[in-house]
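Accompanying notes for the structure given below.
Computed over heavy atoms, backbone and side chain alike; hydrogens, waters and symmetry mates excluded. Just so it is clear: chains get the letters A, B, ... in the order the sequence lines come, proteins before strands, and each one is counted from 1.
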2 protein chains.
Amino acid sequence: MDASDNPDSAKPPARSPRAGYRTTGPVTLRTIAEQAGVHPSTVSRALKRSAGGDETARRIREIAAELGYRPDAAAASLRTRRSGAVGVLVHRLTDVVQAILFEAIEQTVLELGYQAIVANTYDDPDEQQRRVELMLARRVDGLILADAHTDLTYVDWVDSLEIPFVLVNRHAGDYPSVTLDDYLGGRLAGSHLADLGHSRIAVLGGLPHSSASTERAAGCLNALRERGIEVDDDAVETTGLDASTGREGMRRILDRRPDITAVFAVNDFDALGAVIALREGGREPGADVAVVGFNDVPVAEAAQLTTVRSPHATMGSAATRMLMDVIDGRHVQSMRLSPELIVRATSCPPPSP
Amino acid sequence: MDASDNPDSAKPPARSPRAGYRTTGPVTLRTIAEQAGVHPSTVSRALKRSAGGDETARRIREIAAELGYRPDAAAASLRTRRSGAVGVLVHRLTDVVQAILFEAIEQTVLELGYQAIVANTYDDPDEQQRRVELMLARRVDGLILADAHTDLTYVDWVDSLEIPFVLVNRHAGDYPSVTLDDYLGGRLAGSHLADLGHSRIAVLGGLPHSSASTERAAGCLNALRERGIEVDDDAVETTGLDASTGREGMRRILDRRPDITAVFAVNDFDALGAVIALREGGREPGADVAVVGFNDVPVAEAAQLTTVRSPHATMGSAATRMLMDVIDGRHVQSMRLSPELIVRATSCPPPSP
DNA sequence: ATGAAAGCGCTAACAA
DNA sequence: TTGTTAGCGCTTTCAT
C-alpha cells in the first residue's frame, strides 16, 4: 500500500518509447496498416466487424490489439456526422432521483454502443441554454431532458434546434416523454391518508415549474376533495428537493396549523425533513402524525417512510430506447409508468381525541 | 400547458430551410466565409478572440451569430489534438458525496473553458478499465479519478497510459491527489466520543478498498486507543454507502454488543441507518446512544447528526486546478484538506448506570 | 475482398 | 491582418 514498491509512481506523465511493435506517437489506422502491409481502409473495414472475417482481418485485429490501438472518436465523428454520444440534462445530480435516472440512462446507452454526457442545469434557463449549446458543439446524436419546465420556452427552443430529443421524469407540451403517472401517484397518497381517517392534512408541494411536483400535489388534493376533504391554503407549502426545505416548510405549517394529523410531501427528502420537524415539535411520525413521501429513494426504506414508488431506472432506460427510436426516425409515443403505494411505519390513523 | 397552441411540437425532427442567410445544411466556417467574402481561416481567427478586433472581425462574428454557427468540437479536436474535455470517474453518482464532487468539478472545468464527462464505475475494476478506455477514445485531455482503490492495479494502469490525471477523494500510491485528511477526521470523531465519556464504542467502517473509509476508521480507533479505550472486533462492521447497510451493520453489532453507548460511522448514510436501527432497538440517538457520522451531507443537518465535515466542493475545484497544472506540465503537490467536527444533537454522554 | 482517393470542419504553418 | 495550403484520423465511395 506504500509507494516504495512502486518507484515510478511519482514521475510526471511523459512520452517514452514502449515495448513491442510500437515505436513512437499515437497508434492510428495507418500505423496498423504499415505493420500489416495493407491499406488503411482495409484496416478500417477489418476492425469494424469485431469478429469473424478471413485470415487478413484476423491478423489486422491482432496487430491492433498488440499496439493498443484506440480509435479516434473525433475523427470518426467528423467523417460520419455521428458522435455516438447522447446528452443528458438534469436538474442536478445531487438530487438522488436524477442520479438514479442518469445511472439507468448511462447503462442503457452503453449497451447500445453510445456514450452519455450529463450536464447539471440547476433548473436555470440560462444554464439550460448554455449546456444544450455545448452539447450541440459536441455534436451529440440526441438529447434526453430530465429538467423540462412546464413553461414551454425551453423545450420549444430545443425543438427548434432540430436535434432528436425526448423528455424524462417531467413532461411538457406534447413532446415525447417517459414519465410517471404523477397525478395518479398523488391520488394514491391522498386516498391512503383519507382511508386512514385523516381530514386535516398538510401538503409539501415541491417545485412549481416541475410537472412531477404539481401533478402529485394536484392528484392528492383532488382525491381528498372527492372524499369531501378540503386542504386549506395555509396547510400547503412549496419546497425544494432536500430535507432542509421540507423541515422548514413543515415548521411553518405547524406554526399556523398545529391541528394537522397527516402530511403528504411530493418527494421523500421533503418528507424526511417533515419527519424531523415533527419530532422537534414533539410529535412522533407514525404514531401522532402520518407522513407520506414520494419516489421511494433508497433512504426511505431505512427510515420506514410510507411513500409512492416511482420506477426511476425503468424510466431512464425506456427514455433511452425512445430517443433511439426518434434518432432512427421511428414513430414514438409518450409513456406514463404506474406508481405504487408502499405502506411503511410512518402511516398511522389520526390520534383519537 | 396543453399543446394545442403549439401545433408543430409533435412533428418529427426534419431538415428544413430556415430564415435569414441560411439556405441549407449545417453552418460551417466556409458558410460564414462565403457570406462575409473572406477566407475560412480568417473566420476562424476572428471567432477565436470573441471580443475586440477590427471591423471585419466584428462583421464576421455578427454573421456567425445570425446563422447560428456552432463550432464542430470534433473537427477542432482532430486538428488540435486537444478535446477540451476532461473525464471524471466516480464510484457512483447516487452517492451524494460523489455527486457534490462532480458538481464542483463540472463548474470549475466550465469556468476554465473545458467540458466534463462523467462515468460511473461502481468500484468495479472491469468497469473502471472499460470507462477509461472510452474516455481515451474521446481523447479527453485529462482524467480525474474519484474511485481509486488502495490496491494500485487500477491507478498504475492509468499511469501507464500516459494521460494526465489526478486523484480526488481517495488517494493511492503517491499519485497527485486532493483528499481530506481522513485520518485526522477519524481522530476528531474518536476524541469527541472519548471526551463525552464513552468507552464502549461501535464502528461502521465503510468500504475496505477506499482510503477514505479505512483511514477514518483507523483515525478513530487510534485516538481511542491513546486514551486507553479499545474497540473490540465484534463492535466493528464494514458497510456500504447507503442507509440500509448502516442499519444492518448496526443491528448485527447490537445483537452481539447490546452494551455499546456510542457509534462512529465513516459516512453519514451509514450513520443515518444506525440511527434507525437504534430507534428500532428502543434507544434514542442523542439521549441513550451517541452517533457520529462523516461528510456532513445535506440531510445531516436536518437529521441533527453530529458529523465530521469534509469540504467536498473545495476538493473538487482544487482537483480540477491540479489537473490543469498536470496538463500544462507544471509541478504539482498533493493536498490534504482539513476536516471539521460539527457537533449536533446526536452527541450525548453515555447514560448514567 | 482490397486499394486509391476524396473529404468531413477545423487550425496552424507559411507566404504575401 | 489576410490568404494559401496542408493535414489531423477516419470512413466511404469507386474502381480494381
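Every residue two or more places apart in sequence or in another chain that forms a side chain to side chain donor-acceptor pair (under 3.5 Å) with B/Arg92 is listed here: A/Glu103, B/Thr94. B/Asp95 is linked by a salt bridge (charged side-chain N to carboxylate O under 4.0 Å, His left out) to nothing, counting only residues two or more places apart in sequence or in another chain. Contacts of A/Glu127 classified as side chain to side chain donor-acceptor pair (under 3.5 Å), with partners at least two apart in sequence or in another chain: A/Arg130. Legend: residues meeting side-chain contact (heavy atoms from CB on, under 4.5 Å) with A/Ala46, ordered by chain and number and at least two apart, are A/Ala57, A/Ile60. Listed by chain and number, the residues in a side-chain contact (heavy atoms from CB on, under 4.5 Å) with A/Gln107 are A/Glu111 (sequence neighbours excluded). When the side-chain contact (heavy atoms from CB on, under 4.5 Å) test is applied to B/Ala85, the partners found at least two apart in sequence or on another chain are A/Arg138, B/Ser83, B/Ile117, B/Val140. In this structure, A/Asp126 has no salt bridge (charged side-chain N to carboxylate O under 4.0 Å, His left out) partners at least two apart in sequence or on a different chain. Applying the side-chain contact (heavy atoms from CB on, under 4.5 Å) test to A/Thr153 and every residue at least two apart in sequence or in another chain returns A/Asp151.
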Under 3.5 Å, which protein N or O atoms sit close to an N or O of nucleotides 2-5 of chain C? Give each pair with its distance.
{"residue": "C/dT2", "atom": "OP1", "partner": "A/Thr56", "partner atom": "OG1", "Å": "2.9"}
{"residue": "C/dG3", "atom": "OP2", "partner": "A/His39", "partner atom": "N", "Å": "2.8"}
{"residue": "C/dG3", "atom": "OP2", "partner": "A/Thr42", "partner atom": "OG1", "Å": "2.4"}
{"residue": "C/dG3", "atom": "N7", "partner": "A/Arg45", "partner atom": "NH2", "Å": "2.9"}
{"residue": "C/dG3", "atom": "O6", "partner": "A/Arg45", "partner atom": "NH1", "Å": "3.2"}

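Atom CG of B/Leu67 is separated from atom C1' of C/dG9 by 16 Å (rounded to the nearest Å). Separating the CG atom of B/Asp72 from the P atom of C/dG9 is a distance of 7 Å, rounded to the nearest angstrom. One can place CZ of B/Arg139 at 20 Å from P of C/dC10, the figure rounded to the nearest angstrom.
Among all heavy-atom pairs drawn from B/Asp147 and B/Val90, the shortest one is CB-C, 3.9 Å.
Using a 4.0 Å cut-off, no side-chain N or O of B/Lys48 falls inside it from OP1 or OP2 of C/dC10. Look at B/Ser44 and you'll find a side-chain N or O under 4.0 angstrom from OP1 or OP2 of C/dT11.
From the 5' end on, the contacts that DNA chain D makes with chain A at under 4.0 Å to a non-hydrogen atom open and close at D/dG9 to D/dT13.
Direction change of the helix axis from one end of the helix from C/dA1-D/dT16 to C/dA16-D/dT1 to the other is 30°, with five pairs defining each end axis (rounded to 10°).
Among pairs with a residue in residues 99-145 of chain B, none fulfils ring-ring contact (aromatic ring centres under 6.0 Å, His included), at least two apart in sequence or across chains.
For A/Thr320 and A/Ser317, the side-chain atoms include no donor-acceptor pair closer than 3.5 Å.
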